[in-house]
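Below: one structure, written as structure tokens.
Scope of the values below: all heavy atoms of this structure, side chains included, with no hydrogens, waters or symmetry mates.
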Amino acid sequence: MSATHPPAPGAPALPDRPPPSGPTAAPAYGDWTPAAPAEGEPQDAGPASRLGPLPPPLTSRAHVGTRPPTYDAEPTALPAADPDDLDALVPDTVLDGARYGACTLRAVSVRGDSARYRGEPRRDALLTARFGAGERALVLVALATGTRTAPGAHLAAAEVCRWIGAAVGRSHERLTDDIRAARRADLKAGLHRLTDRSLGKLRAAATEQGLDPDDYAATLRCLLLSADPGCRTRVFFGVGPGGLFRLRDREWQDIEPEVAEVKGEPVLGFGSAPHETPDGDRLTMDLGIPTPPSPYEPAPEPPREPFRFRTSVARPGDVLLMCGTGFAEPLHGEPELRAHLADRWSGPEPPGLTAYLADTQVRVKGYADDRTAVAVWEA
């Protein structure tokens, strides 16, 4: 049953139209029947022709391995917030990218499945920064991981990233010259000093806050990239475990620098005593009797993580990957993940930011830590 409405004042009356009937009647929309196109007017080819064919389905996967991980794939709980310290909050995911010189950069840091479920903050920190302009620009990417179970782990990681960023930024002119001239020894010595100073500031900050420096600590891994298209030297440096890989000709290479043996005289708080004196006399056996600390000398610090450094010359088509332990461990432990990423990242073009995020979030059962990964595609 339908109601009949009179025409509005001044509007022409609509002619009566009988309802359509028969199998060939055109469908009616309300009280209006679409008219046939006039002669010479282009025909409507339908939505499929106007929009073009559908793209091929995405080949990224939710997980690899025989079984899916235990935790949900999406965040569950937010970390607790302090209304008087909202600056301490960190987002679940950070995603960044750029293109300079001969390389394309993709960087991501994602809260791990375990932290997402328990409402804990992301312990990994990520910093991407450009210093200078033009072909003399220098790009720094730093990632840090705070101590597991420490309450301020995410704050320590963010602080050490800021400090190494400030130190590199103040020295970027000299670093740029050294990279372009391939002065490896100068780079290693200079970056070692900058790293030690940044980690020393972190220990001092812990003492000022009344915290244990071993808890308020972080590992640090960095990449330096020149914006000069003619310079393909890539510099890695840092302290602490993680991963450094290269994808070349669809094959993964583990290029993590080996920790060098400590040479030279022992230093307070680092290294061990020599086996003999400079004159060649053998030292007596250590009987295990603790030596009381001298009141005139500070107590020795615990052994520190050794400095890691590597320079590499990239080839066209290479993909250089620097990551924290949360991504390095599943890469080492799951061949299917390595094969999947090699297939995804060996194309003629680097993935976009969204695709890169999806690739780095492919989950593996048994690995639920934060994932921070920095990849560089060589043109």
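With Gln209 contributing its side chain and Ala205 its backbone, the two residues share a donor-acceptor pair below 3.5 Å. At distances below 3.5 Å, not a single donor-acceptor pair connects side-chain atoms of Arg363 with backbone N or O atoms of Lys365. At distances below 3.5 Å, not a single donor-acceptor pair connects side-chain atoms of Asp249 with backbone N or O atoms of Glu251. When atom types are taken as modelled, the side chain of Arg338 and the backbone of His332 share a donor-acceptor pair closer than 3.5 angstrom.
The two residues Gly165 and Leu127 make their nearest non-hydrogen contact at CA-CD2, 3.9 Å. Of all non-hydrogen atoms in Arg234 and Cys103, the two that sit nearest each other are NH2-CB, 4.0 Å. A pairwise comparison of heavy atoms in Leu244 and Pro257 identifies CD2-CD, 4.1 Å as the closest pair. Closest heavy-atom contact between His154 and Pro121: ND1-CG, 3.7 Å.
For the pair Arg248 and Glu378, the salt-bridge criterion is not met [side-chain N within less than 4.0 Å of a carboxylate O]. Taking 4.0 Å as the cut-off between side-chain N and carboxylate O, Lys201 and Glu159 do not count as a salt-bridged pair. Of the charged side-chain nitrogens involved, at least one lies within less than 4.0 Å of a carboxylate oxygen, so that Arg136 and Asp177 count as a salt-bridged pair.
Leu191 and Leu223 are not part of a single hydrophobic cluster, where members link through side-chain heavy atoms under 4.5 Å apart. Using a 4.5 Å cut-off between side-chain heavy atoms of Ile, Leu, Val, Met, Phe, Trp and Tyr, with links allowed through other members, Leu247 and Phe327 fall into the same hydrophobic cluster. Side-chain heavy atoms closer than 4.5 Å link hydrophobic residues (I, L, V, M, F, W, Y) into clusters, and following such links, even through other members, never connects Val94 to Leu357. In the hydrophobic clustering of ILVMFWY residues, with side-chain heavy atoms under 4.5 Å counting as a link, Val141 and Leu224 come out apart.
For the pair Ser226/Arg180, a side-chain contact is recorded, criterion being any heavy-atom separation below 4.5 Å from C-beta on.
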For this session: Take Leu199 and Ile164 through the test side chain to side chain contact (heavy atoms under 4.5 Å, CB included) and record every step on the way to the result.
Result: CA-CA 9 Å; Leu199 295 175; Ile164 194 63; over 6 Å; no
Exercise. So Arg221 and Glu256, salt bridge (charged side-chain N to carboxylate O under 4.0 Å, His left out) or not? Walk me through it.
Worked result: CA-CA 11 Å; Arg221 305 174 71 80; Glu256 176 75 13; 2.5 Å; yes
For this session: Begin with the C-alpha distance, continue with both residues' side-chain angles, and end with the deciding distance and a verdict on side chain to side chain contact (heavy atoms under 4.5 Å, CB included) for Cys323 and Phe245.
Result: CA-CA 9 Å; Cys323 52; Phe245 305 91; 3.8 Å; yes
Problem set entry | Worked check of side chain to side chain contact (heavy atoms under 4.5 Å, CB included) between Arg250 and Asp343 | CA-CA 7 Å; Arg250 302 182 69 87; Asp343 183 62; 3.2 Å; yes
Exercise. Yes or no on side chain to side chain contact (heavy atoms under 4.5 Å, CB included) for Leu138 and Ile179, after CA distance, side-chain angles and deciding distance?
Worked result: CA-CA 10 Å; Leu138 182 67; Ile179 292 174; 3.7 Å; yes
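Between Trp252 and Trp345, the ring planes are perpendicular. Angles over 60° get that label, and only those under 30° would be called parallel.
Using modelled atom types and a 3.5 Å distance limit, the side chains of Thr76 and Arg116 yield no donor-acceptor pair. For Asp96 and Thr128, the side-chain atoms include at least one donor-acceptor pair closer than 3.5 Å. Between the side chains of Ser312 and Arg246, no donor N or O sits under 3.5 Å from an acceptor N or O.
One distance of note links CZ of Arg371 with CG of Leu331; it measures 8.0 Å at 0.5 Å rounding. To the nearest 0.5 Å, atom CG of residue Asp370 and atom OG of residue Ser114 are 9.0 Å apart. Distance check: Thr360 OG1 to Leu321 CG gives 9.5 Å after rounding to the nearest 0.5 Å.
In Tyr117, the OH atom is not crowded: 12 or fewer heavy atoms of neighbouring residues, nucleotides or ligands sit closer than 6.0 Å.
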